[in-house]
Amino acid sequence: MSTAKISFDGKEVDCPLLVGTEAEVGINISAMRDRLGIVTYDPGFLSTAACTSSITYIDGDRGILRYRGYAIEDLTSAKFPAVAFLLIYGHLPSRQELLDWRRKLTLNSYIHEDMLKFFEGFPPLAHPMAILSAMVASLSAYYPDFDKEEDIDLNIVRLLAQAKTIAAYSYKKSIGQPRIYPRTEFSYMANFLRMMFATPAEEYVVSPVVEDALNLLLIVHADHEQNCSTSTVRVVGSSRANLFASVSAGLCALWGPLHGGANQAVIEMLERIQAEGGDYKAFMNRVKTKEVRLMGFGHRVYKSYDPRAKILKEAMDRVLNQLGINDPLVELAKNIEEEALRDSYFIERKLYPNVDFYSGILYRAMGIPTNMFTVMFALGRIPGWIAHWREMHMCQDQRISRPRQIYVGPSLRPAPQFDDEGFTIDGPV
Ligand code: CMC
């Protein structure tokens with residue numbers, strides 16, 4: 001079968017089928033409105049594929065996540081820059097490609113000195129996501145050749161390299177410490193940690209345990225196909241908006257508590273339960289009456305255990321043990337998970353821990369403040385956004401994103417009358 005028939009009001013249209021590598025089937029309904037005069041209605045895109053993509057594959061029923069064909073579990077011992085390269089360019093870098101890529105990422109880490117003044121203008125308690133999204137959009141002002149095809153690869157490196165510098169500087173600004181510049185002898189991860197935690201007063205030694213944990217966290221966050229922020233990057237980029245502008249829009253989408261903001265919300269939720277005496281069963285009852293949501297649980301695509309949550313749960317036990325940290329939130333989180341996995345409310349709705357449930361406990365153990373958690377998610381996700389923006393940019397028949405709607409407002413009203421000052425003149429409205 002290569003087409004699906006849609007019929008309406010005595011007319012019929014043959015819609016071609018699209019079959020993906022893993023046998024998912026989509027019906028191409030592009031001709032439907034012209035031929036039948038109707039549109040599809042799918043708020044939240046529950047049954048709508050907005051594009052084809054070769055970057056990431058998810059099977060939500062079987063808990064499968066693959067980047068460019070590699071199982072996420074098989075990439076956990078890679079280094080984040082290599083995974084970023086894989087997502088963006090479609091293959092794992094050769095030795096020479098990785099050496100060049102790493103060097104470029106460090107040499108392009110400095111932000112324009114004039115941009116440093118921006119940090120002075122933000123209030124001390126500004127959320128780092130507000131700073132990061134504003135600064136990433138501002139990169140277009142500092143690289144005005146953003147539209148040049150031959151500069152796309154350079155702009156990709158600039159974005160990937162400078163986002164971590166902006167992130168670390170927004171933290172330094174919030175605690176009033178001087179900024180630390182990146183250095184070529186350190187890895188991507190070590191540079192970030194130095195910029196976050198080193199001070200001019202003494203040598204800073206990067207903990208290999210923390211470096212590895214951060215590397216893992218960023219890898220598991222690196223892409224997740226057409227999620228809210230990635231779709232945002234694609235929608236904005238479909239108007240041919242530049243890479244920096246498109247990714248800045250993705251950052252704003254990620255910030256919401258139902259998306260990347262959930263990692264901050266999880267820790268705040270666990271801290272609140274703990275502070276109120278640790279009665280998580282009472283909290284779960286409030287979840288079931290829909291008074292509150294259990295943050296870090298549930299997913300639009302995963303209807304089984306999120307493979308990223310599985311990786312991070314194991315890492316959490318290992319890393320906290322290696323760092324000698326005994327965090328009471330670990331036991332609380334595990335108790336909540338256990339309770340949820342045997343409760344019919346969660347079973348019937350197929351609600352499992354997602355990537356955000358355990359990531360915050362890891363960030364806490366690494367000394368990363370709660371309001372930086374979503375920034376950490378963003379640093380991980382930037383290669384994914386770049387890969388999707390680039391894939392779309394290179395697609396010959398890509399068209400501007402412009403959904404239809406079903407209008408449900410008033411029908412034509414009588415023409416209003418305005419006086420010279422612009423006020424409406426009383427009369428029938
Ligand atoms: N706690 C309690 N009930 C929930 C939860 C939750 N976390 N998530 C979903 N439900 C219920 C929901 O009330 C609904 O119940 P009913 O059928 O009785 O109306 C049912 O499950 C389906 O939920 P939905 O909101 O229609 O599902 P969705 O696919 O639109 O939303 C979600 C997915 C992730 C936004 C949602 O599960 C949620 O709000 N989770 C908490 C926030 C969170 O952890 N977000 C991080 C997502 S993973 C990282 C990322 O990619 O951003």
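Every number for a ligand or one of its atoms is a count from 1 in the order of the listing. Only heavy atoms go into these numbers, but all of them, side chains included; no hydrogens, no water, no symmetry mates.
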Q. Between the main-chain N or O of T370 and the side-chain N or O of Y363, is there a donor-acceptor pair closer than 3.5 Å?
A. no
(Q) side-chain contact (heavy atoms from CB on, under 4.5 Å) for M196 and K164? Distances and angles first, verdict last. (A) CA-CA 9 Å; M196 283 283 290; K164 70 177 184 315; over 6 Å; no
Q: Specify whether W389 and H393 have parallel, tilted or perpendicular ring planes, treating 30° as the upper limit for parallel and 60° as the lower limit for perpendicular.
A: parallel
Q) Nearest to atom 47 (C) of ligand 1, what protein heavy atom do you find, and at what distance? A) N354 ND2, 3.6 Å
(Q) Show the atoms of ligand 1 that are less than 4.0 angstrom away from any heavy atom in D356. (A) 46 (C), 48 (S), 49 (C)
(Q) Considering both backbone and side-chain atoms of K303, is one of its nitrogen or oxygen atoms within less than 3.5 Å of a nitrogen or oxygen in ligand 1? (A) no
Q) Is it true that a side-chain atom of D42 and a backbone atom of S47 form a donor plus acceptor pair closer than 3.5 Å? A) yes
Q | Close side-chain approach of Y302 and Y352, heavy atoms under 4.5 Å | A | no
Q: Any atoms of ligand 1 less than 4.0 Å from a non-hydrogen atom of Y345? List them with their elements.
A: 2 (C), 3 (N), 4 (C), 11 (C), 13 (O)
Q) So M115 and M135, side-chain contact (heavy atoms from CB on, under 4.5 Å) or not? Walk me through it. A) CA-CA 8 Å; M115 275 186 89; M135 299 286 263; 4.2 Å; yes
Q. For ligand 1, which atoms have a heavy atom of R300 less than 4.0 angstrom away?
A. 28 (P), 29 (O), 30 (O), 33 (C)
Q. Near V287, which atoms of ligand 1 are under 4.0 Å from a heavy atom of that residue?
A. 1 (N), 2 (C)
Q | Closest to atom 34 (C) of ligand 1 (judged by heavy-atom distance), picking from G298, P353, P43 | A | G298
Q) Should L159 and N155 count as side-chain neighbours, where that means a heavy-atom distance under 4.5 Å? A) no
Q) Should the pair R179-E120 be classified as a salt bridge under the 4.0 Å nitrogen-to-oxygen rule? A) yes
Q | Heteroatom distance test (F297, ligand 1): nitrogen or oxygen, under 3.5 angstrom | A | yes
Q) Side chains of S229 and R381: does their closest heavy-atom pair fall under 4.5 Å? A) yes
Q) By number and element, which atoms of ligand 1 are closer than 4.0 Å to a non-hydrogen atom of A262? A) 43 (C), 44 (O), 45 (N), 46 (C)
Q: Taking only heavy atoms of G260 into account, list the atoms of ligand 1 that are under 4.0 Å away from them.
A: 52 (O)
Q) Looking only at protein heavy atoms, which one is nearest to atom 1 (N) of ligand 1, and how far off is it? A) L294 N, 3.0 Å
Q) Is there side-chain contact between M284 and D343, with heavy atoms separated by less than 4.5 Å? A) no
Q) Hey, is atom 26 (O) of ligand 1 touched by any protein heavy atom at less than 4.0 Å? A) no
Q.
Please report the interatomic distance CD(E391) to CD1(I55), rounded to the nearest 0.5 Å.
A. 4.0 Å
Q. Does L351 reach ligand 1 with a nitrogen or oxygen that is under 3.5 Å from one of the ligand's nitrogen or oxygen atoms?
A. no
(Q) Tell me if a side-chain donor or acceptor on S304 pairs with a main-chain N or O of G60 at a distance below 3.5 Å. (A) yes
Q | Interfacing atoms of ligand 1 (cut-off 4.0 Å, heavy-atom, G296) | A | 43 (C), 44 (O)
Q. For R308 and ligand 1, does the shortest N/O to N/O distance drop below 3.5 Å?
A. no
Q | Per-residue contact class, R349 against ligand 1 - non-hydrogen pairs under 4.0 Å | A | side chain
Q | Proximity of V355 to ligand 1 by residue part, where a heavy atom lies under 4.0 Å | A | side chain
Q) So is M295 polar-close to ligand 1, meaning N/O to N/O under 3.5 Å? A) no
Q. Do L258 and ligand 1 have an N or O pair less than 3.5 Å apart?
A. yes
Q. Is atom 22 (C) of ligand 1 less than 4.0 angstrom from at least one protein heavy atom?
A. no
**Q.** Contact partition for F357 relative to ligand 1, non-hydrogen atoms under 4.0 Å
**A.** neither
**Q.** Side-chain touch L323/V210, heavy atoms, less than 4.5 angstrom
**A.** yes
(Q) Would N227 count as being in polar contact with ligand 1, using the rule that some N or O on each side must be under 3.5 angstrom apart? (A) no
Q: Counting heavy atoms only, name the option from H224, H259, M269, H299 that's nearest to atom 50 (C) of ligand 1.
A: H259
Q: Provide the number and element of each atom of ligand 1 under 4.0 Å from a heavy atom of K290.
A: 12 (C), 13 (O), 14 (C), 15 (O), 16 (P), 18 (O), 19 (O)
Q | Step-by-step side-chain hydrogen bond (donor to acceptor under 3.5 Å, both in side chains) determination, Y358 to E337 | A | CA-CA 10 Å; Y358 290 111; E337 178 189 333; 2.4 Å; yes
Q: Identify, for atom 24 (P) of ligand 1, the protein heavy atom at the shortest distance, and state residue, atom and that distance.
A: R293 NH2, 4.2 Å
